[in-house]
Amino acid sequence: MFRSFLMFSFIALQITVIALPPTELSGSGIIPKPVSIIAADGIFALTEKSNIFISGESAELMQIGKYLSQKLQPSTGFGLAVKTFEGKPASGDFILAISSEDTQLGNEGYQITITPKAVNLIANKPAGLFNGIQTIRQLFPAKIEMSTLQQGPWEIPAGIIRDYPEYPFRGVMLDVARHFFQVDDVKRYIDLMASYKMNVMHLHLSDDQGWRIEIKKWPKLTSIGGSTQVGGGKGGFYSQEQYSDIVKYAAERFIMIIPEIDMPGHTNAALASYPELNCNDKATELYTGTKVGFSSLCTSKEITYQFITDVFGELAALTPGPYLHIGGDESHVTKLEDYIPFVNKVQTIVASVGKQVIGWDEIALSTLKPNSFVQFWAKADNAIKGVKQGAKVIMSPAANAYLDMKYNSTTNLGLNWAGYIEVDKGYSWDPATLVPGIGKENILGIEAPLWSETITNMEELEYMVFPRLPGYAEIGWSSPAVRNWQDYKTRLGKQNERFKALQIDYYPSKLVQW
Ligand code: ACM
């Protein structure tokens, strides 16, 4: 009897402990880890009477306020009004304010002051407010993320959070060429990355197996080149309107889209669409396998450069961000003496349409323009050549940051040519010390690519992306001085409930207590 009573109270105690919301702000497991969290006494409670006040009449602030209201609506059932601030907040209000007094916060930083009366979010720029909202989402109980009505209370312990990023560029890449992903899938990925304060999505829009963006002057790129994918499925492509819709959706979440047209290699889909792009004037067959390094645009033909000018001209007009990605990787059948002048010419074309070049690390073999960027994925020597030419580097080391690498030998999806990347390995590296000769001053930021040879749908995408993505977000955002695996894995384990609320199909690594 006594024993079963003890058992009963033990179970009851456990349940109570799990059900209680945190009472101290510093106990919240925010990812990426903020610069500083100071707990204070008291608790803020969101109610149906809460308002979202914005400082001043601004369409952009109004949009951010509405974004917060919409995020909170489905689970709380509250339709929070967004209003211009006039006087004192009442109990339970949010205040979103732009103030340029705190220069340390930079373009993306924010400060949140939580009192029992209000949540006060300030930033220098709208992007900072957006990032602060992502933190606020994580401060509420995880069920705030659910798409169905939940029971409150919706409380946050009081305190102050100050936060700003380590690197300005924190990205993911999605390969929509090997397997095509629909607009709504890309939007879901954008929403998920935004919640961890990532701000760049690089879309790999062309490869041997598919061409995925409408180019009006070269329509067969999509009618032929977009007609299939790895495994022989039907492929697909984005119309220019759909691409613009993705760009706008991303911009509303302070995410820049970087489009990649890979060249001179990885071009079979284009070569199959237009015979004149081949040196022998014969169109190739469409390709649905997964080999790399067998295709090349004909670098000696004038039409090739007209083609590139047309493609990048149309893409530049659709892309507000400053970058066009030219690929440049694994051009194994292009002779080096042809590759180097090709990349030099393409840099000039990209400049002529008003953009800057990003290319995989091989492009550092050419003469880089002063504003070109090198994306390190495979050869440190190439990246160092880029640095020696004054280029900044985007860090995407395949052995640490490729989201398509298997977690371990039992992972069904993915590849392993760069090794296995368990969750700890994906997290435990510092971009600024990984490669001798490449320091923080040489680095623009980090990007985690997902190649889709084996990834055919969102469920598979999410299994490979989660739970590694929050780790890459933290590497890009949080100072190495505050990062360590032991602390991170506890916070990651606490994301479990959020992943479930957002219906993310993640890999439940045994290294983490979920
Ligand atoms: C690459 O993984 N070929 C950049």
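One-based numbering along the sequence shown. All figures in this text were calculated on a predicted structure; none of them were measured in a lab.
- Residues passing the side-chain contact (heavy atoms from CB on, under 4.5 Å) test with Pro165 are Glu108, Arg170, Trp477, sequence neighbours excluded.
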Open item on the list: Using ring pair (Phe, Tyr, Trp, His ring centres under 6.0 Å), reason through Phe254 and Tyr67 one step at a time and then give a plain yes or no.
Closed with: CA-CA 12 Å; Phe254 298 88; Tyr67 168 89; 8.8 Å; no
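- Residues satisfying the salt bridge (charged side-chain N to carboxylate O under 4.0 Å, His left out) criterion with Asp424, sequence neighbours excluded, are absent altogether.
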Open item on the list: Checking Phe294 against Tyr287 for the ring pair (Phe, Tyr, Trp, His ring centres under 6.0 Å) test, could you report, in this order, the C-alpha distance in whole Å, the side-chain angles of both residues, the deciding distance, and whether it holds?
Closed with: CA-CA 11 Å; Phe294 61 87; Tyr287 181 68; 4.7 Å; yes
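- Considering every non-hydrogen atom in both Asp262 and Thr267, the closest pair reads O-CG2, 3.3 Å.
- Relative orientation of the Phe499 and Tyr196 rings is perpendicular, given thresholds of 30° and 60° on the angle between their planes.
- Using modelled atom types, one side-chain atom of Trp211 and one backbone atom of Ile213 make a donor-acceptor pair closer than 3.5 Å.
- Annotation: cation-pi pair Arg137/Phe140 absent, no NZ/CZ under 6.0 Å from the ring centroid and within 45° of its normal.
- In this structure the side chain of Met201 never reaches within 4.5 angstrom of the side chain of Met256, judged on heavy atoms.
- A donor-acceptor pair is defined here as one N or O able to donate and one able to accept, closer than 3.5 Å; such a pair exists between the side chain of Lys406 and the backbone of Leu413.
- Side-chain polar atoms of Glu260 and Trp360 form a donor-acceptor pair below 3.5 angstrom.
- At least one side-chain heavy atom of Leu139 sits less than 4.5 Å from a side-chain heavy atom of Ile30.
- Ring pair Tyr323/Phe373 is perpendicular by interplanar angle, where above 60° counts as perpendicular and below 30° as parallel.
- No side-chain heavy atom of Tyr488 sits less than 4.5 Å from a side-chain heavy atom of Lys33.
- Between Val172 and Met198 there is a side-chain heavy-atom pair separated by less than 4.5 Å.
- Within a 6.0 Å radius of CD in Gln63, other residues, nucleotides and ligands contribute more than 12 heavy atoms.
- At least one side-chain heavy atom of Met395 sits less than 4.5 Å from a side-chain heavy atom of Val435.
- Note that CE of Met263 is 12.5 Å distant from OG1 of Thr299, once rounded to the nearest 0.5 Å.
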Open item on the list: Please determine whether side chain to side chain donor-acceptor pair (under 3.5 Å) holds for the pair Asn107 and Lys125, giving the CA-CA distance in whole Å, both sets of side-chain angles, and the decisive distance to 0.1 Å.
Closed with: CA-CA 6 Å; Asn107 291 335; Lys125 296 277 168 63; 2.9 Å; yes
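- When all heavy atoms are compared, the tightest approach of Lys369 to Ala351 is CE-CB, 4.1 Å.
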TODO: Decide salt bridge (Lys or Arg N to Asp or Glu O under 4.0 Å) for Lys385 and Asp381; before the verdict, give the C-alpha distance in whole Å, the side-chain angles of both, and the deciding distance to 0.1 Å.
DONE: CA-CA 6 Å; Lys385 275 198 178 80; Asp381 283 354; over 6 Å; no
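- Listed by chain and residue number, Lys440 satisfy the salt bridge (charged side-chain N to carboxylate O under 4.0 Å, His left out) test with Glu166 (two or more places apart in sequence, or in another chain).
- Within the 4.5 Å cutoff, the side chain of Ile136 has no heavy atoms near those of the Ile114 side chain.
- Among residues two or more places apart in sequence or in another chain, the salt bridge (charged side-chain N to carboxylate O under 4.0 Å, His left out) test is passed with Asp207 by Arg178.
- Residues Glu460 and Asn457 approach most closely at N-OD1, 2.9 Å, considering heavy atoms.
- For the 3.5 Å distance criterion, the side chains of Ser509 and Glu422 qualify, holding a donor opposite an acceptor.
- Inspection of the Glu362 and Trp377 side chains reveals an N or O donor paired with an N or O acceptor under 3.5 Å.
- The line from CG of Leu203 to CG of Leu315 is 10.0 Å long, rounded to the nearest 0.5 Å.
- Atom NZ of Lys71 and atom OG of Ser195 lie 8.0 Å apart (nearest 0.5 Å).
- Donor-acceptor pairing under 3.5 Å is recorded for the side chains of His325 and Gln375.
- Partners of Gln104 according to the side-chain contact (heavy atoms from CB on, under 4.5 Å) rule, which considers only residues two or more places apart in sequence or in another chain, are Asp102, Arg162, Tyr164.
- Taking the six-membered ring where the residue is Trp, Tyr507 and Tyr463 present perpendicular rings, their angle passing 60° and hence far from 30°.
- Side-chain contact check for Ser99 versus Asn124: every heavy-atom pair is 4.5 Å or farther apart.
- Sparse packing is recorded around CD of Glu101, with 12 or fewer heavy atoms of other residues, nucleotides or ligands lying under 6.0 Å away.
- Annotation: side chain of Ile261 is not in contact with side chain of Ile308 (no heavy-atom distance under 4.5 Å).
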Open item on the list: Could you walk me through whether Gln209 and Thr288 satisfy the side chain to side chain donor-acceptor pair (under 3.5 Å) test, starting with their C-alpha distance in whole Å, then the side-chain angles of each, then the deciding distance to 0.1 Å, before giving a yes or no?
Closed with: CA-CA 5 Å; Gln209 300 86 346; Thr288 60; over 6 Å; no
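- Using cut-offs of 30° and 60° for the angle between ring planes, the Trp451 and His204 rings count as perpendicular.
- Two rings, from Tyr110 and Phe130, have their centers 6.0 Å or more apart.
- For Arg468 and Tyr402, the positive end is not near the middle of the six-membered ring at less than 6.0 Å and at most 45° from its axis.
- Asn442 places a side-chain N or O within donor-acceptor distance of the main-chain N or O of Gly439, the cut-off being under 3.5 Å.
- Once rounded to the nearest 0.5 Å, the distance linking CG of Asp338 with OG of Ser296 reads 8.0 Å.
- Separation of atoms CD1 (Ile443) and NZ (Lys392) is listed at 9.0 Å; rounding is to 0.5 Å.
- Put simply, the side chain of Asp361 gets close to the backbone of Ala378: a donor and an acceptor are under 3.5 Å apart.
- The cationic group of Arg483 lies under 6.0 Å from the six-membered ring centre of Tyr427 and within 45° of the ring axis, placing it in a cation-pi geometry.
- One side chain, Asp208 or Ser295, offers a donor N or O that lies under 3.5 Å from an acceptor on the other.
- Looking only at atom types and distance, the side chain of Lys197 has no donor-acceptor partner in the side chain of Asn131 under 3.5 Å away.
- To the nearest 0.5 Å, atoms CG (Leu444) and OH (Tyr167) are separated by 10.0 Å.
- Ion pair Arg188/Asp184 not flagged as a salt bridge, since none of the NZ, NE, NH1 or NH2 atoms sits closer than 4.0 Å to an Asp/Glu carboxylate oxygen.
- Considering only residues two or more places apart in sequence or on other chains, Ala399 meets the side-chain contact (heavy atoms from CB on, under 4.5 Å) condition with Lys425.
- Side chain of Asn199 to main chain of Pro168: a donor-acceptor pair is present (N/O by atom type, distance under 3.5 Å, no hydrogens or angles).
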